[in-house]
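In each ligand, atom 1 is the first atom listed, and ligand 1 is the first ligand listed. Numbers for residues simply follow the sequence, beginning at 1. Note that the structure is a prediction, hence the values are computed from the model and not measured.
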Amino acid sequence: MNGIENVTGPVFRPGDAGFDEQLAGYQAAHPHRPDLVVGAESSDDVRAAVRHAADHGLPVAVETSGHGRAAPLSGGVLISTRRMDAVRIDPATHLARVEAGTRWEQVVAAAAEHGLVPPSGTSPESGVVGYTLGGGIGVLARELGWASDRVRSVDLVTADGRLRHVTAESEPELFRVLRGAGHGLGVVTAMEIELVPGGRIHGGSLAVAGEHVRALLDAYREWTAGLPDGLTSSIGALPYPDLPMVPEHLRGRYVAQVRIASSGSAEETDRLVAPLRAAVPTTGTLGELPYAQATTIFNEPADPHPYTGTNAMLRELDPAVAEAMLDITGPDAPVMCVLGLRHLGGALARPPAVPDAVAHRDAPYLLQVLSLVDGTDVPGRLHGELMDAVAPWTAGRTPNFRFGKQAATAWPIEVPGRADLEAELDPKGLFR
Ligand SMILES: Cc1cc2nc3c(=O)[nH]c(=O)nc-3n(C[C@H](O)[C@H](O)[C@H](O)COP(=O)(O)OP(=O)(O)OC[C@H]3O[C@@H](n4cnc5c(N)ncnc54)[C@H](O)[C@@H]3O)c2cc1C
């Protein structure tokens with residue numbers, strides 16, 4: 001007996017063997033401190049856990065990977081979805097049905113068996129559901145659009161313990177808000193997501209030395225203006241620490257990486273990238289790779305660490321934005337700032353046939369900044385200074401790239417209709 005009616009998965013309380021492992025996730029800062037962790041194995045377990053919380057007036061949080069953990073629980077019930085990770089691909093309809101705890105690498109592998117690709121992101125370990133509820137900007141985002149745009153149905157347990165199959169027909173308003181502004185409305189137990197034919201891409205990462213990064217940002221503005229939707233790119237720039245585990249050519253240096261992923265041929269990709277390579281000195285090569293290896297282009301760190309970060313959806317890449325990025329959060333910043341600049345547009349800018357809640361979809365760039373949590377207020381202050389400096393060109397923020405304490409305030413993001421749904425579905429604020 002685990003003490004919770006109708007839960008068949010494991011239940012952990014503080015002091016139990018395995019309790020701490022349930023709380024460990026990719027975000028190493030501010031772990032949840034629940035009274036109870038329910039290791040859900042089915043949607044019935046999720047319903048029972050939510051009912052238990054509602055009956056006892058306890059707050060609820062959900063976690064898969066911990067990539068996007070925001071406000072940590074203090075007491076209450078944490079529903080861990082990691083044990084619910086079944087993926088089913090229907091090759092006829094091009095739909096993937098994924099359970100709540102599925103990570104992108106699992107869907108990518110399963111889809112590849114049928115010559116299909118999902119709208120997955122730069123980290124193989126990110127949870128599909130958390131990513132997709134917040135919009136989801138993938139490796140081929142300019143061609144595939146937001147992951148939210150490709151959702152066909154969501155199975156959701158709401159605060160009343162009911163399991164709803166939410167589609168455009170069954171509950172249009174809830175279906176709209178779940179796709180793009182969906183965190184905190186209940187527990188998703190499964191989703192159906194549309195895949196597209198594909199399998200191989202051309203791409204890679206081109207390195208630009210610190211002294212050329214200003215020129216790179218200028219050139220990037222010009223270059224991205226004329227690209228077809230089939231080419232998605234981004235820049236990541238950081239001062240690499242002078243540590244033995246860092247590759248020698250990066251150790252102790254400020255370097256930007258231009259990450260390129262294209263569904264076009266090698267010749268077309270090389271032709272499209274040539275003007276950028278002519279504008280600034282780059283090292284590295286592009287090549288063909290299976291979509292399943294696309295995340296190697298981004299080389300996101302695999303180990304858990306404490307981080308905080310925020311973002312700005314930009315109306316344009318004004319020269320003053322590039323200056324602020326480097327002057328405030330560049331190589332001379334007092335703490336390490338990892339800068340990201342994603343080129344949006346293309347399919348990301350086109351509204352889906354069934355409306356969703358992705359905000360600022362016509363913004364052509366996404367600026368990201370991230371730092372390690374160091375126990376001081378310096379990272380947050382610098383990120384704030386950068387956000388203030390770029391405010392004149394900022395359309396708003398996107399939920400997925402707000403990390404740590406900055407994510408806890410993610411919902412001043414204005415989403416028409418969301419407050420009404422919160423009041424209707426979760427009047428007592430179980431999920432907040
Ligand atoms: C290294 C790294 C790379 C990333 N790359 C990308 C990228 O390329 N594109 C992009 O768009 N985003 C990216 N992100 C952001 C990522 O998509 C978000 O952090 C997302 O919230 C992660 O979801 P998760 O389930 O993995 O994380 P978790 O921390 O487990 O969950 C995050 C939040 O999602 C909600 N949630 C999770 N599961 C459920 C559920 N079953 N029901 C209801 N709510 C749920 C909860 O509110 C939870 O707090 C990246 C993040 C990291 C750390």
Side-chain angles (χ1 to χ4, degrees), residues 22-32 40 43 46 49-50 60-73 78-85 98-105 119-141 144-148 154-159 166 178 180-191 232 234 236 259 261 294-295 297-309 311 338 340 342 344 348 358 366 368 370 398-404 406-408 410-411 426 430-432:
Q22 303 307 307
L23 305 183
Y26 187 79
Q27 169 61 277
H30 55 72
H32 289 300
S43 54
V46 172
V50 169
V60 178
V62 200
E63 189 153 301
T64 297
S65 71
H67 275 207
R69 186 188 311 130
L73 273 182
L78 175 64
I79 299 178
S80 168
T81 62
R82 291 172 199 173
R83 292 163 186 79
M84 294 173 64
D85 65 350
V98 303
E99 283 192 332
T102 310
R103 314 227 178 181
W104 273 124
E105 60 192 344
S120 51
T122 58
S123 163
E125 292 102 14
S126 255
V128 175
V129 168
Y131 168 105
T132 305
L133 292 175
I137 301 174
V139 169
L140 291 175
L144 304 190
W146 299 80
S148 287
V154 181
D155 290 352
L156 180 76
V157 174
T158 39
V166 185
L178 281 171
H183 295 137
L185 288 171
V187 184
V188 173
T189 59
M191 259 184 187
T232 299
S234 62
R259 289 89 169 241
T295 53
I297 296 171
F298 304 88
N299 208 11
E300 303 276 18
D303 294 331
H305 52 278
Y307 53 98
T308 181
N311 72 81
V338 181
R342 294 191 187 215
L344 309 180
L348 292 164
V358 167
L366 170 67
Q368 299 163 239
L370 183 142
T398 190
N400 271 8
F401 299 97
R402 298 187 98 181
F403 298 116
Q406 303 186 63
W411 290 117
D426 187 12
L430 208 67
F431 295 107
R432 291 183 295 285

> Do me a favour and list the nearest non-hydrogen protein atom to atom 14 (N) of ligand 1 with residue, atom name and distance?
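Of the protein heavy atoms, F401 CE2, 3.9 Å lies nearest.
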
> Please work out whether any backbone atom (N, CA, C, O) or any side-chain heavy atom from C-beta onward of L133 is under 4.0 Å from ligand 1, and answer side chain, backbone, both or neither.
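For L133, the contact with ligand 1 is made by the side chain alone.
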
> Going by the atom numbers of ligand 1, which of them fall below 4.0 Å from some non-hydrogen atom of V62?
39 (C), 40 (C), 41 (N), 46 (C), 48 (C), 49 (O)

> Quick check against the 3.5 Å criterion: does Q27 have a side-chain atom that pairs as donor or acceptor with the backbone of Y307?
yes

> Under 4.0 Å from any heavy atom of T122, which atoms of ligand 1 are there?
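Contacts of ligand 1 toward T122, numbered from 1: 3 (C), 4 (C), 5 (N), 6 (C), 7 (C), 8 (O).
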
> What residue and heavy atom of the protein are closest to atom 9 (N) of ligand 1, and at what distance?
I137 O, 2.8 Å

> Can E125 and S65 be counted as having a side-chain donor-acceptor contact under 3.5 angstrom?
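Looking only at side-chain atoms, S65 and E125 do not form any donor-acceptor pair under 3.5 Å.
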
> V187 pairs by side-chain contact (heavy atoms from CB on, under 4.5 Å) with which of V129, T158, V50?
V50

> Dump the intermediate steps for side chain to side chain contact (heavy atoms under 4.5 Å, CB included) on R342 and T122, then the final yes or no.
CA-CA 12 Å; R342 294 191 187 215; T122 58; 3.6 Å; yes

> Under the 3.5 angstrom rule, does the side chain of Y131 hit a backbone N or O of G138 as a donor-acceptor pair?
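Side chain of Y131 to backbone of G138: a pair is present.
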
> Given G136, G184, G130, which one has a non-hydrogen atom that is nearest to atom 21 (O) of ligand 1?
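When every heavy atom of G136, G184, G130 is considered, G130 comes closest to atom 21 (O) of ligand 1.
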
> Number the atoms of ligand 1 from 1 as they appear, then name those within less than 4.0 Å of a heavy atom of G66, with their elements.
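Result: 27 (O), 28 (P), 29 (O), 30 (O).
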
> Only one of L156, V62, V128, V98 forms a side-chain contact (heavy atoms from CB on, under 4.5 Å) with V188, so which one is it?
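The side-chain contact (heavy atoms from CB on, under 4.5 Å) with V188 is passed solely by L156 among L156, V62, V128, V98.
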
> Are Y307 and ligand 1 in contact, using a heavy-atom cut-off of under 4.0 Å?
yes

> Check the pair H305, Y26 against side chain to side chain contact (heavy atoms under 4.5 Å, CB included), reporting the backbone distance first and the verdict last.
CA-CA 6 Å; H305 52 278; Y26 187 79; 3.3 Å; yes

> Hey, which atoms in ligand 1 end up nearer than 4.0 Å to a heavy atom of G121?
8 (O)

> Report the nearest protein non-hydrogen atom to atom 52 (C) of ligand 1: residue, atom name, distance rounded to 0.1 Å.
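The closest heavy atom on the protein side is H67 ND1, 3.6 Å.
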
> Has the side chain of H183 got a donor or acceptor atom that lies under 3.5 Å from a matching backbone atom of G130?
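At least one qualifying donor-acceptor pair exists.
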
> Using heavy atoms and a 4.0 Å limit, tell me yes or no: is P399 in contact with ligand 1?
no

> Can you tell me the protein heavy atom closest to atom 29 (O) of ligand 1 and the distance?
G68 N, 2.8 Å

> Applying side-chain hydrogen bond (donor to acceptor under 3.5 Å, both in side chains), can you list everything that pairs with T232, at least two apart in sequence or on another chain?
none

> Of the side chain and backbone of V129, name the one, both, or neither that has a heavy atom under 4.0 Å from an atom of ligand 1.
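For V129, the contact with ligand 1 is made by the side chain alone.
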
> Is there a polar contact, in the sense of an N or O pair closer than 3.5 Å, between V188 and ligand 1?
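N/O-N/O distance below 3.5 Å exists for this pair.
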
> Within a distance under 4.0 Å of any heavy atom of T64, pick out the atoms of ligand 1 and give their elements.
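Taking each heavy atom of T64 in turn, ligand 1 has 25 (O), 30 (O), 38 (N) under 4.0 Å.
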
> Checking side chain to side chain contact (heavy atoms under 4.5 Å, CB included) for the pair E300/T295: CA distance, chi angles, key distance, verdict?
CA-CA 8 Å; E300 303 276 18; T295 53; over 6 Å; no

> Which atoms of ligand 1 have any heavy atom of E63 under 4.0 Å away?
30 (O)

> Give the atom numbers and elements of ligand 1 that come within less than 4.0 Å of a heavy atom of F403.
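Close to F403: 19 (O), 51 (C).
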
> Are R342 and ligand 1 in contact, using a heavy-atom cut-off of under 4.0 Å?
yes

> Could you list which atoms of ligand 1 come closer than 4.0 Å to a heavy atom of A100?
41 (N)

> At the 4.0 Å heavy-atom cut-off, does G134 count as touching ligand 1?
no

> Starting from atom 15 (C) of ligand 1, find the nearest protein heavy-atom neighbour and note its residue, name and distance.
N400 O, 3.3 Å

> Under a 3.5 Å distance rule, please check whether E99 uses its side chain to pair with a backbone N or O of G101 as donor and acceptor.
no

> Looking at T132, is its backbone amide N or carbonyl O close enough to the side chain of S148 to form a donor-acceptor pair, meaning the two atoms are under 3.5 Å apart?
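It does hold such a pair.
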
> Mind checking whether Y26 contacts ligand 1 via backbone (N, CA, C, O), side chain (CB onward), both or neither, at a 4.0 Å heavy-atom cut-off?
side chain

> Donor-acceptor pair, distance only, cut-off 3.5 Å: does the side chain of R103 make one with the backbone of R82?
no

> Ignoring hydrogens and angles, tell me if any N or O in the side chain of D426 forms a donor-acceptor pair with the backbone of A159 under 3.5 Å.
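Side chain of D426 to backbone of A159, a donor-acceptor pair under 3.5 Å: no, none is there.
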
> Can you tell me which residue and heavy atom of the protein come closest to atom 50 (C) of ligand 1, and the distance to 0.1 Å?
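Sorting protein heavy atoms by distance from atom 50 (C) of ligand 1 puts S126 OG, 4.1 Å first.
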
> Around atom 27 (O) of ligand 1, find the nearest protein heavy atom and jot down its residue, atom name and distance.
S65 OG, 3.2 Å

> Please write down residue, atom name and distance for the protein heavy atom closest to atom 35 (C) of ligand 1.
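For atom 35 (C) of ligand 1, the nearest protein heavy atom is H183 CD2, 3.4 Å.
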
> Strictly distance-based, threshold 3.5 Å: is any side-chain N or O of W146 a donor or acceptor partner for the main-chain N or O of L348?
yes

